[in-house]
Amino acid sequence: MKDEEVLKKLHEFADYLDKGNIASYLLRKIGWGIIQVLSFLVDSLEGITNNVLGIKLFFNSPAIQDFIKEIQPFLYILWAFSFLYIGYMLIIHKKVNREQIMINIFLSMAVLLLLNAGMVKADKFTDEAIEAVDLKGESTVSEKIIKQNIRMLHSSMQQVGKKQNSNTRIECLKIAFR
């Protein structure tokens, strides 16, 4: 390109260009670096969350549910034998601290009952959370957040530009960030 063509392009895009200095350039680069690091962290957490939800989907699969239904009677029988063993130990060994055993039985029963209710509530909560954050495979959460913030910045620049007499976007940016 010749100098005249370059000068013509510079005048054509003058609304988009700004005089820069080292300080603003470094601040812009550092800010973008921070955004990239935060984006990486959010994507990593999203990957961990997807793995946890994958385990949830594994346990909700029909084959696993059928297996649990088939093995459940055996678990009840095992539970009854454990009570028989505790009763046998109480009858045979007279020196056993009976009070301690009753507290342990009560605590184990409470844990079993509360664990079941808590897992059902946690399952419902995760289903609602998945529906609330569902991206439908568009992009990662961090990309969605960055896009929304860029759109918000663009719309606020347009609103400030309409309120001001200035037509340049650079001046709108300066006004928007005061």
Among the clusters formed by ILVMFWY side chains lying less than 4.5 Å apart, do [X] and [Y] turn up in the same one?
| X | Y | value |
| --- | --- | --- |
| Ile48 | Ile145 | no |
| Trp32 | Ile150 | yes |
| Ile68 | Leu115 | no |
| Phe67 | Leu78 | yes |
| Leu84 | Trp79 | no |

Tyr88, OH: over 12 other non-hydrogen atoms inside 6.0 angstrom = no

query = Considering residues, nucleotides and ligands other than Leu26, do more than 12 of their heavy atoms fall under 6.0 Å from its CG?
reply = yes

[X] side, atom [atom1]; [Y] side, atom [atom2] - distance, nearest 0.5 Å:
| X | Y | atom1 | atom2 | answer |
| --- | --- | --- | --- | --- |
| Gln65 | Lys69 | CD | NZ | 6.5 Å |
| Lys29 | Leu27 | NZ | CG | 13.0 Å |
| Gln36 | Ile146 | CD | CD1 | 6.0 Å |

ask   = With Ser108, which residues qualify under side chain to side chain donor-acceptor pair (under 3.5 Å), at least two apart?
value = none

Find out whether [X] and [Y] are in side-chain contact, i.e. whether some heavy atom of one side chain is under 4.5 Å from a heavy atom of the other.
| X | Y | result |
| --- | --- | --- |
| Leu7 | Glu4 | no |
| Ile103 | Leu107 | yes |
| Ile77 | Phe81 | yes |

request  = Can you tell me which residue pairs pass the salt bridge (charged side-chain N to carboxylate O under 4.0 Å, His left out) test with a partner in residues 115-125, sequence neighbours excluded?
outcome  = Lys56-Asp123

